[in-house]
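Take a look at the structure set out below.
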Protein chains: 2
Amino acid sequence: MDRADVNGVTARADVCSKAMTAPETRNERKERTRRALLDAALGLASERGFAGLSLREITKQAGVVPTAFYRHFESMDELGVTLVEESMRTLRTMIRGARNTPDGSADLIRASVRTLSEHVRSHEEHYWFLVRERYGGTGAVRQTIGVELKLLAGELAVDLARFDRLRDWSTEDLHMLADLIVSAMLATALELLEAPPGATAEITAEAERQLRLIFLGVPHWRTT
Amino acid sequence: MDRADVNGVTARADVCSKAMTAPETRNERKERTRRALLDAALGLASERGFAGLSLREITKQAGVVPTAFYRHFESMDELGVTLVEESMRTLRTMIRGARNTPDGSADLIRASVRTLSEHVRSHEEHYWFLVRERYGGTGAVRQTIGVELKLLAGELAVDLARFDRLRDWSTEDLHMLADLIVSAMLATALELLEAPPGATAEITAEAERQLRLIFLGVPHWRTT
DNA sequence: CGATTCAGTGAACGACTGTACACTCAATAT
DNA sequence: ATATTGAGTGTACAGTCGTTCACTGAATCG
């Protein structure tokens, strides 16, 4: 039995023949298979890459016939972009989490790296998708990620501007620093994804030291 | 006419019916179509990603019938690994070029970034392949690149150890620094590939400043 | 209540995929 | 001069692909 039986039609018909636990409106069910399609695509893409999966495969995994796909997405590209937006939302909540650490935190770097690490671990598929398609993707998907990532670096730059030591830096320099941090953290995310869970501590330790080194240079930078 | 006519059989037969410009041994011709296959695959993969190309497509572009593929490679995976090795060789010669800048160079960072930039520009397909498959790739290809990249970071660490300021750093710290540099430079390479040639100066300038910032922190690092 | 809407079905299409097999015929080896 | 080798050919097959179309039937609407 391969069919995932998303909306459980058969099961429901068996269990509650009168009216019990399924006061499911039509829109709810539509939304449910939509989610099933997205989840199936995300799961498969995080293993094999978005380019390497087929419409038929996704629908099969979602427990739906191939043609049903078109009731929800106009094309694979549209589904891809939706996935990007979703994953990006995940990433953004991570950044927000890192930003909201208690202001006078004894060790802000450690807290941030920890946030990143935990978030990656608990949203592996989203991060796999982002990291893979950022570089390996094609067309619309990769470009969307690139733009969103630049935007995110921009937000980070604004955050950085609030620190005392960075108060008088030029925006150019702040962006340079933000880009550097994003690059390093993206690489860290990939290492976390690839390595066994046991290596987490080691990887985060290195990421931490990298950030620390970067910030050691900050007081000696002569902004332009 | 789509056939690339790699080994120019037809043309040769027409032009020099007796014996003129083609004293081509059998092995030479075999090597030639092998190259044609590799080039075709590299070209297509740098646009669409290695996962998204087919054997038939490669052979068509190489001007050869699909089944001929198997005379040169056992599978697509073998071709992929060959491509990785080749691209890695390219990358290595780049590093060597950066290392061999005159020892007391006034500005080693600038020279290194310049070397990177020029090398990326003149080997775009190799770098596209590396960057794409490093993250987006599947199975053997991605893993091979990951290992090779770690090795390369190791070499870089050894190079770094020769600098006065880094002489007393622990190997751990040197690796941490090397990884950071590799991450930043990989991101730079991707930006160079994605941006129009006109933006080269801007991108290299940022990369330069990032490296400069990193090295500003070096004298203040307390090694473990 | 009957009429309508529309998510999901199932068969069919033409195009493309990787691979098996028997072949040709020029470059080599004897 | 003859035999052998092997790179490249051509046909064929069983799958999978995306997409079309007419359809069913339950939830919704009037």
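Values below: all heavy atoms of this structure, side chains included; hydrogens, waters and symmetry mates excluded. Nothing here was measured: the structure is a model prediction, and the numbers come from that model. To find a chain, count down the sequence lines: A is the first, B the second, and so on, and within it residues start at 1.
Remark: P of D:dG6 and NE2 of B:His72 are 13 Å apart, rounded to the nearest angstrom. Atom pair A:Arg71:CZ and D:dT24:C1' shows a separation of 12 Å (rounding to whole Å applied). In this structure, the NZ atom of B:Lys60 is 13 Å from the P atom of C:dA15, given to the nearest Å. Distance, A:Leu44 CG to D:dC17 P: 11 Å, rounded to whole Å. Rounded to an integer number of Å, the gap from B:Lys30 NZ to C:dA26 P is 19 Å. Following rounding to the nearest Å, A:Arg26 (CZ) and C:dG8 (C1') show an atom-to-atom distance of 11 Å. Rounded to a whole Å, the CZ atom of B:Arg29 is 7 Å from the P atom of D:dG8. If you measure from atom CG of A:Leu53 to atom P of C:dT17, you get 17 Å, rounded to the nearest angstrom.
Taking the six-membered ring for Trp and thresholds of 30 and 60 degrees, B:Phe69 and B:Phe73 have ring planes inclined between 30 and 60 degrees apart.
The existence of a salt bridge linking B:Arg114 and B:Glu208 is excluded, since no basic side-chain nitrogen approaches an acidic carboxylate oxygen closer than 4.0 Å. Using a 4.0 Å cut-off between a side-chain N of Lys or Arg and a carboxylate O of Asp or Glu, B:Glu125 and B:Arg132 do not qualify as a salt bridge.
Between A:Met76 and A:Asn27, the one whose closest nucleotide on DNA chain D sits nearer the 5' end is A:Met76.
At least one donor-acceptor pair under 3.5 Å links the side chain of B:Glu133 to the backbone N or O of B:Phe50.
Of the listed nucleotides (C:dT19, C:dG8, D:dG18), D:dG18 has the atom at the smallest distance from the side chain of A:Leu55. Out of C:dG10, D:dT9, D:dC17, the shortest distance to the side chain of A:Arg56 is found at D:dC17. Counting only heavy atoms from C-beta on, A:Tyr70 has its side chain closest to D:dG18 among C:dG8, D:dG18, D:dT9.
Side-chain nitrogen and oxygen atoms of A:Ser54 include none within less than 4.0 Å of the OP1 or OP2 phosphate oxygen of D:dT16. Between B:Thr67 and C:dC21 there is no side-chain N or O to OP1 or OP2 distance below 4.0 Å.
Summarising the geometry of A:Gln210 relative to B:Leu180, their closest heavy-atom pair is NE2-N, 3.3 Å, with the distance given to 0.1 Å.
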